[in-house]
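Order of listing sets the numbers, starting from 1, for every ligand and every atom in it.
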Amino acid sequence: MEFNKVKYIKGEVTIPGDKSISHRAVMIGSIAKGTTEVTNFLQGADCLSTIECFQKMGIEITNNTNTVTIKGNGLHGLSKPTSLLDVGNSGTTTRLISGILVAQNFNVQLNGDASIQKRPMKRIIEPLSLMGASIKSIHGNDCAPLEITGSPLKAISYQSKVASAQVKSAILLAGLYADGITSVTEPYLSRNHSELMLNAYGANVTSTNTIGANVSSTNITATNATATITPVAELFAQKIEVPGDISSAANFIVAGLIVPNSEILIKNVGINPTRDGIIRVCQAMGANIEIMNKKQSGGETTADIFVKSSNLKGITISGEIIPTLIDEIPVIAVLACFAEGQTIIRDAAELKVKESNRIDTVSHNLKNMGADISPTEDGMIINGGKHLHGAIIESHLDHRIAMAFAIASLVSEDTTTINDAECVNISYPQFYNDLSRLSK
Ligand code: S3P
């Protein structure tokens, strides 16, 4: 798909539902008693994969445009699927569903696309196995396909090496079925949608942050965060209104800031503090960004975000803010190209195990557009101020790469061609329509 420089960006955009919250609404709704109604559900391919997996396990789920209805059968109401569960491209589906499957009374296999078959699953296999689960990588490479045989589970206290909401959520979901109190500690607090939603459904999850624990070999002082779950007899259906996805909104935030003479109002964005790092980064860079109309719903906060073209300065992004903006780093790297001075991104080695190796895919593609960027072991260093020009961009079928480079193209000379651009269907099917409507 081809993209060209625009004069400016102007208008309003309403952001589709949050991917993380949409997945969780289907999963938790399926194991709750009663009918869950989810509005503003994200109709992205990843969330549709989650719906299909639970339909295959006997859950009646109807999907009418943006309202999804789930007839949950309770904690023990799933049935053995007649075929393999297909998780598509979705790491969230794979890791979270595993936490539920390890506790069922049947055996199941799950698999997904070529990207999923390369993503690390040891991070869930290890803690779930400590709980007594039978979960194995069929090819013995710690990746999908996985074979899971439901078993009785023991409660554990687990220290995770990575700040990962997917790991934390898999353990908490398994903890719903364990014989006692299960806790998971991570080096920094990752997104807490599972904790909030489980509690809304009647679970008993508590969370703490303890400052000062030293969890890194390089002596970084980290903020440990622990989530603890005590099993309950049942969860109960809820009405869930999914906030707009800040990871999708991030693309328009950056577009509004870097395209000269632009103003955009981005409506209905989830600004949960475990997800709002992009806003804090923009503020620290000197952006014209205003947060308006804050509202609360189901433990999640939403707001409208107004951005205007800005003069930006480079900053260092590291430590506990990283998990709160991990999926936005590709587009933050684009932003940094338009800031004065140097931007350093550190402590973000997790980027290597996303839908693509995002340290490589961001650095390589930005370099091809003329940026001054150097990849590092755990991030990247960008010297802003170089003029970007069009190039052929390899998305590597990674939705966040395709979107970040569509934004870069708006301020680049000549034509930018993005290969496999349709991969945005994973998290934002109407992205290009919204972008072209705002582009002048
Ligand atoms: C997600 C957690 C993050 C994020 C992913 C969605 C979730 O992954 O990158 O897009 O919904 O829990 P990790 O848990 O691997 O950091």
*Asks:* Is F41 close to C47 at the side-chain level, that is, under 4.5 Å between some pair of heavy atoms?
*Replies:* yes

*Asks:* Looking only at heavy atoms, which two atoms of I345 and T376 are closest? And how far apart?
*Replies:* O-OG1, 4.3 Å

*Asks:* Taking the six-membered ring for Trp and the full ring for Phe, Tyr or His, determine whether the centres of H76 and Y177 are under 6.0 Å apart.
*Replies:* yes

*Asks:* Rounded to the nearest 0.5 Å, what separates atom OG1 in T39 from atom CD in E241?
*Replies:* 4.5 Å

*Asks:* Going by salt bridge (Lys or Arg N to Asp or Glu O under 4.0 Å), name the residues that satisfy it together with E186, two or more places apart in sequence or in a different chain.
*Replies:* K168

*Asks:* Can you sort out which atoms of ligand 1 are near D327, meaning under 4.0 Å from one of its heavy atoms?
*Replies:* 4 (C), 5 (C), 9 (O), 10 (O)

*Asks:* Mind checking whether R24 has a heavy atom under 4.0 Å from ligand 1?
*Replies:* yes

*Asks:* Are any of the N or O atoms of R191 closer than 3.5 Å to those of ligand 1?
*Replies:* no

*Asks:* Could you see which bit of K354 sits under 4.0 Å from ligand 1, with heavy atoms only: side chain, backbone, both or neither?
*Replies:* side chain

*Asks:* Using a 4.0 Å cut-off to any heavy atom of A165, which atoms of ligand 1 qualify?
*Replies:* 12 (O), 14 (O)

*Asks:* Using distance alone, decide if ligand 1 has a nitrogen or oxygen within less than 3.5 Å of any nitrogen or oxygen in Q166.
*Replies:* yes

*Asks:* Looking only at non-hydrogen atoms, find the nearest pair between V162 and E350 and report the distance.
*Replies:* CG1-OE2, 3.1 Å

*Asks:* Is there any N or O on L96 that sits under 3.5 Å from an N or O of ligand 1?
*Replies:* no

*Asks:* Is the distance between the ring centroids of F3 and Y432 under 6.0 Å?
*Replies:* yes

*Asks:* Between H23 and ligand 1, find which residue part has any heavy-atom pair under 4.0 Å and reply side chain, backbone, both or neither.
*Replies:* neither

*Asks:* Just need the protein heavy atom nearest to atom 14 (O) of ligand 1, so name the residue and atom and give the distance.
*Replies:* S164 OG, 2.7 Å

*Asks:* In ligand 1, which numbered atoms sit nearer than 4.0 Å to a non-hydrogen atom of S20?
*Replies:* 1 (C), 6 (C), 7 (C), 11 (O)

*Asks:* Would K168 count as a contact of ligand 1 if the rule is a heavy atom under 4.0 Å away?
*Replies:* no

*Asks:* How long is the span from the CG atom in L153 to the CG atom in L173, to the nearest 0.5 Å?
*Replies:* 11.5 Å

